[in-house]
Number of protein chains: 2
Amino acid sequence: MEFDTGAPIWGQLVTEFSRRIVTGEWAAGSRIPGVRELASELGVNPNTVQRALAELERRGLCRSERTAGRFVTSDEERIDAIRAELAHVAADDFIRRARGLGMRPAQALHLIEERWTHGDHTPADGARGGHDDV
Amino acid sequence: MEFDTGAPIWGQLVTEFSRRIVTGEWAAGSRIPGVRELASELGVNPNTVQRALAELERRGLCRSERTAGRFVTSDEERIDAIRAELAHVAADDFIRRARGLGMRPAQALHLIEERWTHGDHTPADGARGGHDDV
DNA sequence: GTTAGTGTATTAAGGTCTTAGTACAGCAAC
DNA sequence: GTTGCTGTACTAAGACCTTAATACACTAAC
């Protein structure tokens, strides 16, 4: 996985882990890989993974059993709520930026439609997390 | 202006200043307020403003005349290009996040349409720049 | 009991970001 | 010349993030 430079990695991991849960990549109730294993997979320090998982736990997406490991919550309503929340935040972020550029709704929708199948959807640069790539 | 905690302020200023230029709030060829004045307006340190403006200059959006101040570029083609680039990056960011959540184009478009006039478009939290708010 | 695997906590080091304060060079107005 | 305004440069301090390397408590398997 690649990370934005300038934004804390643990915050980006919260996003990634949330995504894995709401997409079912990490199924409800299933066991989450250990901090050392995740750290190895992601190429970061176990401490960084732990900080992200602690935040995930605070948000009610997982629970830790001190000696057996961490498990995704079995509360599917909670997972559904987070999925909707992530979608809303993504949409609102785009709307805020589009409005800031003076776009109208029709323009914005057309732009999304056009670029969805346009080809590359790489983050272009993804610098510093502030949407300031050029 | 409010800033995300965890993401460098100077990067967020690059975005904001770019937005002001491409929207015409800072007209092509016009003078940009001094670093001290901007710093006072934004509630940050003049050094932070200067770092953002230096980046803006690197991107060809402004030029500095060492004793008279900074001026927005008169190259309107460059401004148009940046405006398009900012729109594309915003769209691609949304598309990447929507796809990551398993959404289909029609769903994504409907979501944007629905929330454009939904009411509040506050950044919800905007923590750490990693789109990880819940 | 021993071993291995969990999550968790701690300390230290190095890096970046932000603020603060100061200083300098150059131009314009008086 | 003096004053005031620019951009620019520099140092120092504090805060946060990341990495690294341990260490501990607890459970399960043998």
Side-chain angles (χ1 to χ4, degrees), chain A residues 1-17 26 29-73 126-132, chain B residues 1-17 26 29-59 61-73 125-132:
Chain A
M1 181 176 174
E2 296 176 357
F3 301 98
D4 289 350
T5 58
I9 293 177
W10 68 266
Q12 300 177 51
L13 291 182
V14 170
T15 307
E16 170 62 16
F17 295 159
W26 285 352
S30 68
R31 187 175 173 284
I32 297 176
V35 288
R36 296 167 178 83
E37 184 179 344
L38 283 173
S40 174
E41 171 206 336
L42 297 161
V44 299
N45 192 277
N47 296 332
T48 307
V49 173
Q50 181 176 344
R51 179 157 186 184
L53 288 173
E55 175 65 17
L56 223 65
E57 191 166 349
R58 196 188 66 78
R59 300 185 184 185
L61 281 179
C62 67
R63 59 192 153 76
S64 96
E65 299 184 2
R66 197 152 167 52
T67 63
R70 266 204 186 72
F71 297 83
V72 177
T73 179
R128 290 168 302 286
H131 325 309
D132 51 346
Chain B
M1 182 175 174
E2 296 176 358
F3 301 98
D4 288 350
T5 58
I9 294 176
W10 69 266
Q12 301 177 50
L13 291 181
V14 171
T15 307
E16 171 62 15
F17 295 159
W26 285 352
S30 68
R31 187 175 172 283
I32 295 175
V35 288
R36 295 167 179 82
E37 183 178 346
L38 283 173
S40 174
E41 170 205 338
L42 296 161
V44 298
N45 192 278
N47 296 331
T48 307
V49 173
Q50 179 176 346
R51 178 156 188 186
L53 288 173
E55 176 63 18
L56 223 64
E57 191 166 349
R58 195 189 66 80
R59 299 186 184 185
L61 280 178
C62 68
R63 59 192 154 76
S64 97
E65 299 184 2
R66 196 151 166 54
T67 63
R70 266 202 186 74
F71 297 84
V72 177
T73 179
D125 177 24
R128 290 168 301 286
H131 325 309
D132 51 346

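Predicted model, so just to flag it, every value in this text is computed and none were measured. Values below: all heavy atoms of this structure, side chains included; hydrogens, waters and symmetry mates excluded. Each chain gets a letter, A, B and so on, in the order the sequences are listed, and its residues count up from 1.
Among the heavy atoms of the strands, none lies under 4.0 Å from Arg63(A).
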Whether each nucleotide of nucleotides 19-30 of chain C has a protein heavy atom under 4.0 Å at its base (B), only at its sugar-phosphate (S) or at neither (-) is summarised, 5' to 3', as BBB-B--BS---
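Classification of Arg59(A) and Glu55(A) as a salt-bridged pair holds, one side-chain N sitting under 4.0 Å from a carboxylate O.
A heavy-atom distance below 4.5 Å is found between the side chains of Trp26(B) and Pro33(B). Residues Phe3(A) and Val44(A) have side chains in contact (heavy-atom distance under 4.5 Å, counting atoms from C-beta outward).
At whole-Å resolution of the value, CZ in Arg31(A) and C1' in dG7(C) are 10 Å apart. Rounded to whole Å, the distance from CG on Leu38(B) to C1' on dC5(D) is 15 Å. Rounded to a whole Å, the CD1 atom of Ile32(B) is 9 Å from the P atom of dG7(D). Here the C1' atom of nucleotide dA21(D) and the CD atom of Gln50(A) are 15 Å apart, to the nearest Å. Going from atom CZ of Arg51(B) over to atom C1' of dG7(D) covers 17 Å, rounded to whole Å. Going from atom CH2 of Trp10(B) over to atom P of dT8(D) covers 16 Å, rounded to whole Å. Spacing between atom CZ of Phe71(A) and atom P of dT6(C) amounts to 11 Å, rounded to whole angstrom units. One can place CD of Glu55(A) at 15 Å from C1' of dC17(D), the figure rounded to the nearest angstrom.
Scored by the side-chain hydrogen bond (donor to acceptor under 3.5 Å, both in side chains) test, Glu37(A) finds no partners at all (sequence neighbours excluded).
Distance from the side chain of Arg70(A) is smallest for dG7(C) among the nucleotides dT8(D), dG7(C), dC17(C).
Counting all heavy atoms, side chain and backbone alike, Leu53(B) lies closest to Leu38(B) at CD1-CD1, 4.2 Å.
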Pairs of donor and acceptor atoms involving the side chains of residues 64-73 of chain B, under 3.5 Å and at least two apart or interchain, shall be tabulated with distances.
unit_1	atom_1	unit_2	atom_2	d
Glu65(B)	OE2	Arg63(B)	NH1	2.8
Thr73(B)	OG1	Asp75(B)	N	3.0

